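Remember, predicted model here, so these are calculated numbers, not experimental data. Order of the sequence lines sets the chain letters (A, B, ...), proteins ahead of strands, with each chain counted from 1.
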Number of protein chains: 2
Amino acid sequence: MSVPARDRTSAARGRRPARPSGDDRELAILTTAERLLAEKPLAAISVDDLARGAGISRPTFYFYFPSKDAVLLTLLDRVVDEADAAMRRVFDAPAAGLRDGWRRAITAYYETFRAHRALTLAWAEARSGNAEVRELWAQVFEAWVQQCADAIQAERDRGAAPSGLPARDLAVALNSMNERVLYATFSGDGPAVAEEAVVDVLLEVWLTTIYQRTMPAA
Amino acid sequence: MSVPARDRTSAARGRRPARPSGDDRELAILTTAERLLAEKPLAAISVDDLARGAGISRPTFYFYFPSKDAVLLTLLDRVVDEADAAMRRVFDAPAAGLRDGWRRAITAYYETFRAHRALTLAWAEARSGNAEVRELWAQVFEAWVQQCADAIQAERDRGAAPSGLPARDLAVALNSMNERVLYATFSGDGPAVAEEAVVDVLLEVWLTTIYQRTMPAA
DNA sequence: GAAGGTTATCGACACCGTGTCGAATGAGTC
DNA sequence: GACTCATTCGACACGGTGTCGATAACCTTC
């Protein structure tokens, strides 16, 4: 099972054409952004902060990126690629048993987003206000849901899992849960599951809902 | 089981003191806000929009509310009270069986937030940028998680549910799922469960994870 | 029925962040 | 040495926020 390409226009997001020298500046902006995001929320970072951090003036920033959000989008593209790659690795390697297969899939997301905590939080922050970010997330999420639904259906077809909820609905619910729970754990505000326990908690919910029949007639 | 009071300073959020006449104006601002939120996202609504909508000038707005966010907070307080009231009704009325009890609890949230779709979306939008909103939500969420964890523990104690994940972790996961899934369903962007099916989908996940043992040793 | 307080209102201002324009700089090419 | 073209930034216009001080409307209370 391969991860479907999402056809993101990764290269077209940054500078207008592809330039020779100013690549360093573009990179400087990106690294400045990730550094600042570790310190303060996206809303508290101005274009001027980004520009100064990269050693250029504010107007010059606009030569490299059309807006602050475009920088975030570029950063996001990278993380998504990382997550997809991690996912592909999971599906390529043979799983040592049922539990282990699902565990590795959940761990793949967990690790990827944990490695980019600040970015993950900024992502959520930008999603509400920016249509492009929203659409990028929708694409990514759809791919995961589809993949997950296929996997559930395969388990049902081979008789390992009972039928019940439509596979897609279950996949949406489980992926939504993961997103929200991981976000809460990483952001630390509001009730959350402890970081050491979070993968196991999610895994139990996944296994139970996928492999167990719904409640016995009460 | 009663819903614990969250000690919100509801009255202190609006106008500085409690005034006689200008109450209409305050109300006008609140209804304008909810009306505008049905049309456009929170970020696209300015203090000026709110003021004009209520028939006053921008500076006068600040006589009634310290900021745009304060208006939202006031609106949110009301919806939370509504949700708590609905919840209290659920726990007061005797349930016709296990499934029915949980179903009514999930439906209570669903109905409340569906009745204030626009507000629910604005809430999520404001949460990232505003600490007060974040804290209000954390309080509300914590109360629900606590209540839910208690209910699960009670079921385990009376032998109706098997032990497994810590009740609180399970409660956090399930409530997080509900939040995210309902949000996706109401907002309509990204993969979501259909509105007619969403309560049933959530219910099945709740029942299965609460009452079924985790996966049989595979 | 003036005097004094409080409630409510708004014009004008200072501030900050965004995004654009047009003019300069400088490196490479013919 | 003139021509291009990438790169840079000062200066501007715009739109939003929040505050200040002046003023109007309305109670009281003597």
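Rounded to an integer number of Å, the gap from CG of B/Leu50 to P of D/dG16 is 13 Å. B/Asp69 has its CG atom 14 Å from the C1' atom of D/dG16, to the nearest Å. In this structure, B/Glu26 places its CD atom 14 Å from P of C/dT7, rounding to the nearest Å. Distance CZ (A/Phe61) to C1' (D/dG10): 18 Å, rounded to an integer number of Å. One can place CG of B/Asp49 at 7 Å from P of D/dG16, the figure rounded to the nearest angstrom. Atom CD1 in B/Ile29 sits roughly 12 Å away from atom P in C/dA8 (whole-Å rounding). In this structure, A/Phe63 places its CZ atom 6 Å from C1' of D/dT7, rounding to the nearest Å.
Remark: A/Glu39 engages A/Arg35, A/Leu36 in a side chain to side chain contact (heavy atoms under 4.5 Å, CB included) (not counting sequence neighbours). For A/Tyr183, there are no ring-ring contact (aromatic ring centres under 6.0 Å, His included) partners, not counting sequence neighbours. With sequence neighbours excluded, the residues satisfying salt bridge (charged side-chain N to carboxylate O under 4.0 Å, His left out) with B/Arg117 are B/Glu195. In terms of the side chain to side chain contact (heavy atoms under 4.5 Å, CB included) criterion, residue partners of B/Thr112 (sequence neighbours excluded) are, by chain and number, B/Val79, B/Glu82, B/Ala83, B/Ala86.
Here the CD1 atom belonging to B/Ile29 is positioned 11.5 Å from the CG atom belonging to B/Leu75, to the nearest 0.5 angstrom.
Annotation: salt bridge (Lys or Arg N to Asp or Glu O under 4.0 Å) contacts involving residues 103-113 of chain A, sequence neighbours excluded, comprise A/Asp100-A/Arg104, A/Arg103-A/Asp200, A/Glu111-A/Arg114. Applying the salt bridge (Lys or Arg N to Asp or Glu O under 4.0 Å) definition to pairs two or more places apart or across chains, none involves residues 59-71 of chain B.
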Under 3.5 Å donor-acceptor pairs involving side-chain atoms of residues 172-180 of chain A, not counting sequence neighbours:
residue	atom	partner	partner atom	Å
A/Asn175	ND2	A/Ala171	O	2.9
A/Ser176	OG	A/Val172	O	2.7
A/Asn178	OD1	A/Trp206	NE1	2.9
A/Glu179	OE1	A/Trp137	NE1	3.3
A/Glu179	OE1	B/Arg180	NE	3.3
A/Glu179	OE2	A/Arg127	NH1	2.9
A/Glu179	OE2	A/Arg127	NH2	3.3
A/Glu179	OE2	B/Arg180	NE	2.8
A/Glu179	OE2	B/Arg180	NH2	3.4
A/Arg180	NE	B/Glu179	OE1	3.3
A/Arg180	NE	B/Glu179	OE2	2.8
A/Arg180	NH2	B/Glu179	OE2	3.4

Using nucleotides 24-26 of chain C, report all nitrogen or oxygen pairs with the protein that are shorter than 3.5 Å.
none

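Taking side-chain N and O atoms only, B/Thr60 has no distance below 4.0 Å to OP1 or OP2 of C/dT9.
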What string of B, S and - do you get for nucleotides 16-23 of chain C 5' to 3' if you count protein non-hydrogen atoms under 4.0 Å? --BBB---

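B/Val199 and B/Ile106 make their closest contact through CG1-CG2, 4.2 Å (heavy atoms, listed as atom of the first residue, atom of the second, distance).
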